[in-house]
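Just below is one structure, and these are the notes that go with it.
Throughout, protein chains are lettered first and strands after them, A, B, ... in sequence-line order, and every chain is numbered starting at 1.
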Number of protein chains: 4
Amino acid sequence: MSKNKQEDIFQAAMQLFAERGYDGTTVPMIANKAKVGAGTIYRYFENKESLVNALFVKCVEQFFEVIRTNFPQDADVRQQFNHIFRRMFVFAKENSNALQFINSHDEGYYLDEKSNQTFEDFLDFFRAVIENGKNQGVIRSLPSHAHIAIVYGAFGMLFSLIQSGRMEETPELLNELEDSLWNAIRII
Amino acid sequence: MSKNKQEDIFQAAMQLFAERGYDGTTVPMIANKAKVGAGTIYRYFENKESLVNALFVKCVEQFFEVIRTNFPQDADVRQQFNHIFRRMFVFAKENSNALQFINSHDEGYYLDEKSNQTFEDFLDFFRAVIENGKNQGVIRSLPSHAHIAIVYGAFGMLFSLIQSGRMEETPELLNELEDSLWNAIRII
Amino acid sequence: MSKNKQEDIFQAAMQLFAERGYDGTTVPMIANKAKVGAGTIYRYFENKESLVNALFVKCVEQFFEVIRTNFPQDADVRQQFNHIFRRMFVFAKENSNALQFINSHDEGYYLDEKSNQTFEDFLDFFRAVIENGKNQGVIRSLPSHAHIAIVYGAFGMLFSLIQSGRMEETPELLNELEDSLWNAIRII
Amino acid sequence: MSKNKQEDIFQAAMQLFAERGYDGTTVPMIANKAKVGAGTIYRYFENKESLVNALFVKCVEQFFEVIRTNFPQDADVRQQFNHIFRRMFVFAKENSNALQFINSHDEGYYLDEKSNQTFEDFLDFFRAVIENGKNQGVIRSLPSHAHIAIVYGAFGMLFSLIQSGRMEETPELLNELEDSLWNAIRII
DNA sequence: CATGAATGAGATTTCATTCAT
DNA sequence: AATGAATGAAATCTCATTCAT
């Protein structure tokens, strides 16, 4: 039995939102999985929308933190890409539902300004890396948006495969995938 | 006043499901947008779940049809990839909501056996192309699943950018994107 | 295919009302069983309530007619009872649903003044017979209401047993039943 | 304000079902009469069908209990009949709606296996008494079903008369009725 | 006349939220 | 603080009735 009910609620909500979406998840479902009373959720969050927004911000910031930590600011773009790619998998593995939650909930009509801004800030980090790579003549001259869409879109689906057991994560696989996606964005 | 109410319902439902998800869309919302009475929807579909499944199958089959039509069965893999990539954009442009609907609803807990099977059949087509390419030594030795995840995941996000106006579709852009994704999966 | 749609509707409605009650029977159910369009019912009856009332009156009047025909007005009470008892079974057998319909729908909140009056008239016939028997010192001094309740209540359940096949109708059985019910009301 | 909402719901439902039938009674009607919110009913019963079945079982078991209590197992059949007849009136008077509810809802298409079985068990009790009487040469050789139909059918209608005020319950009346129905089933 | 597609009012049921304990 | 029973607004779904064909 966890001491921190707020965290229990976050975990339960994240899993359910990831599996069934925002509207497909009921507050009693969350309470039940978190092993708290339904009313308790309203001690920690104003309402369901508040909860999903708080959770979204928390997840994106955690993801961001994992990516940013020890980021090789001065290394070359290839190494920066390596860092990002590996950290994305690290985060996804350690927070299996968080990634799916983020991916299926960005663009949700229930996200507030802060949530959207947090996600934009997160993307901006990648944009900066990409822009830097383009300036160095290493990365294709596509819009940064496009590069991010390619890597992030591919990554989301790839992790989903691993998560569901349809593909096994091995060091060799990760090497191949990293190489594949690097080829997608670099100038050849 | 349209003659075909079933089609009106399909169109309204597709747009709303794409924008707000299955559970976030109410039957009166659909009826309203389709300009039919709420009860009319139940003359055409047994219930809401029936509707989303019928719509899913219809959309996937349409998508499949666009990809399969004039597919260069005997050409080399690069040309097959070109065909697929271009047709994906053609379908997405002509059925802008259909793609978003498919992408946000595969894996939905409300999809029935037939819907899932239809989607699997669709993916199998790509798997066959990829396998063929691997046998010819043109495509990387990653699992076919992974190649599809990369291309399809990237494509989904890319089209979303174009759709929302954050990126402009030009012939040059499409050429670059095709090249980028081809680099991701081919042996270099 | 019957020529008389009104009669088809009556038959279908009677069977369904008998089995499922007034509120448990939908107009489309009736239309379906009567093999007419739902709208056709509204050519013959103003609405569902109109139909059930017309049907009730028709059934009670038919029942009444069967009882009254050849009623031995001048015979003794025992013979009058015999006539009534036998005719009740004749009617019930020839109009199997009608009896169940009447029994489960008298006291219905949807019955109008005319329906209730028709049923009262029907009961008055029995009351007169009973009163006559009481005056002759043949029948117990219970209220006529009570005698009717005993015979009619018993009869309803008995016929239900035969109808459902849980009891077989034989001449011997009918003789026994007639004797049993006569014993209930006569002075011994 | 009652403490036991489940019981309030039962009482309200029983009265309404007795008066208007299953399909003629809406859940909001029940909620309104029970002075609870409509949603509350679904905390206690899975759905409307569940409610009617639970109520039916409860009523039949209560009725059964009243009949069985202090039943003179070793007395003669006449005395057993006396016990049953009197207790039926006791139950009917104390649970005026319960009897009407039972009588108008047995054979309902919405009753489940358990409800039907409970009612059969109830009838089996009477069958045993009747069989015993037949073996002792006191009761007519009609099928037990028939005897029950006669007594129970008659009783139902008789109580309805008393209930509605069309007949007044006096000790003399009950004596007469008991004698009347006993004459119906005994060998004379 | 006859039909059955269409409708919307109203039925059943769910669920976000409150509040007495 | 924590609970979960209670609520009623809103969701899904049904059906008596209408009306264009």
Atom-to-atom span, [atom1] of [X] to [atom2] of [N] - whole angstrom:
| X | N | atom1 | atom2 | value |
| --- | --- | --- | --- | --- |
| A/M29 | E/dA16 | CE | C1' | 13 Å |
| B/N4 | E/dA6 | CG | C1' | 14 Å |
| D/I41 | F/dA5 | CD1 | P | 16 Å |
| B/Q6 | E/dA5 | CD | C1' | 13 Å |
| C/I30 | E/dG4 | CD1 | C1' | 16 Å |
| C/D23 | E/dG10 | CG | P | 15 Å |
| D/K35 | F/dA6 | NZ | C1' | 17 Å |
| C/N32 | F/dA16 | CG | C1' | 16 Å |

Aromatic contact, A/F10 with A/F45 (centres under 6.0 Å): yes
D/Y44 vs F/dA5: side-chain N/O to OP1/OP2 distance below 4.0 Å: no
Does one side chain, of [X] or [Y], offer a donor that lies under 3.5 Å from an acceptor on the other?
| X | Y | answer |
| --- | --- | --- |
| B/N116 | B/E120 | no |
| D/D8 | D/Y44 | no |
| A/Q11 | A/E7 | yes |
| A/E49 | A/N53 | no |

Selected nucleotide, minimal atom distance to [X] side chain, candidates [options]:
| X | options | result |
| --- | --- | --- |
| D/Y42 | F/dT7, E/dT17, E/dT14 | E/dT14 |
| C/R43 | E/dC1, E/dT7, E/dT13 | E/dC1 |
| D/K48 | E/dT3, F/dC13, E/dT12 | E/dT12 |

5' precedence on DNA chain F between C/V27 and D/G37 (nearest-nucleotide basis): D/G37
Residue met sooner reading DNA chain F from 5', once D/V36 and C/E46 are mapped to nucleotides: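 That would be D/V36.
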Tell me what [X] touches on the nucleic acid: a base, only sugar-phosphate, or nothing, going by heavy atoms under 4.0 Å.
| X | answer |
| --- | --- |
| A/S50 | nothing |
| C/F45 | nothing |
| D/T40 | base |

Along DNA chain E (nearest heavy atom to each residue), the more 5'-positioned of A/A38 and D/T26: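 It is D/T26 whose nearest nucleotide is closer to the 5' end.
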Nucleotide opposite E/dA20 in a Watson-Crick or G-U pair, distances under 3.5 Å: F/dT3
Under 3.5 Å on both distances, the Watson-Crick or G-U partner of E/dC15: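 Partner of E/dC15: F/dG8.
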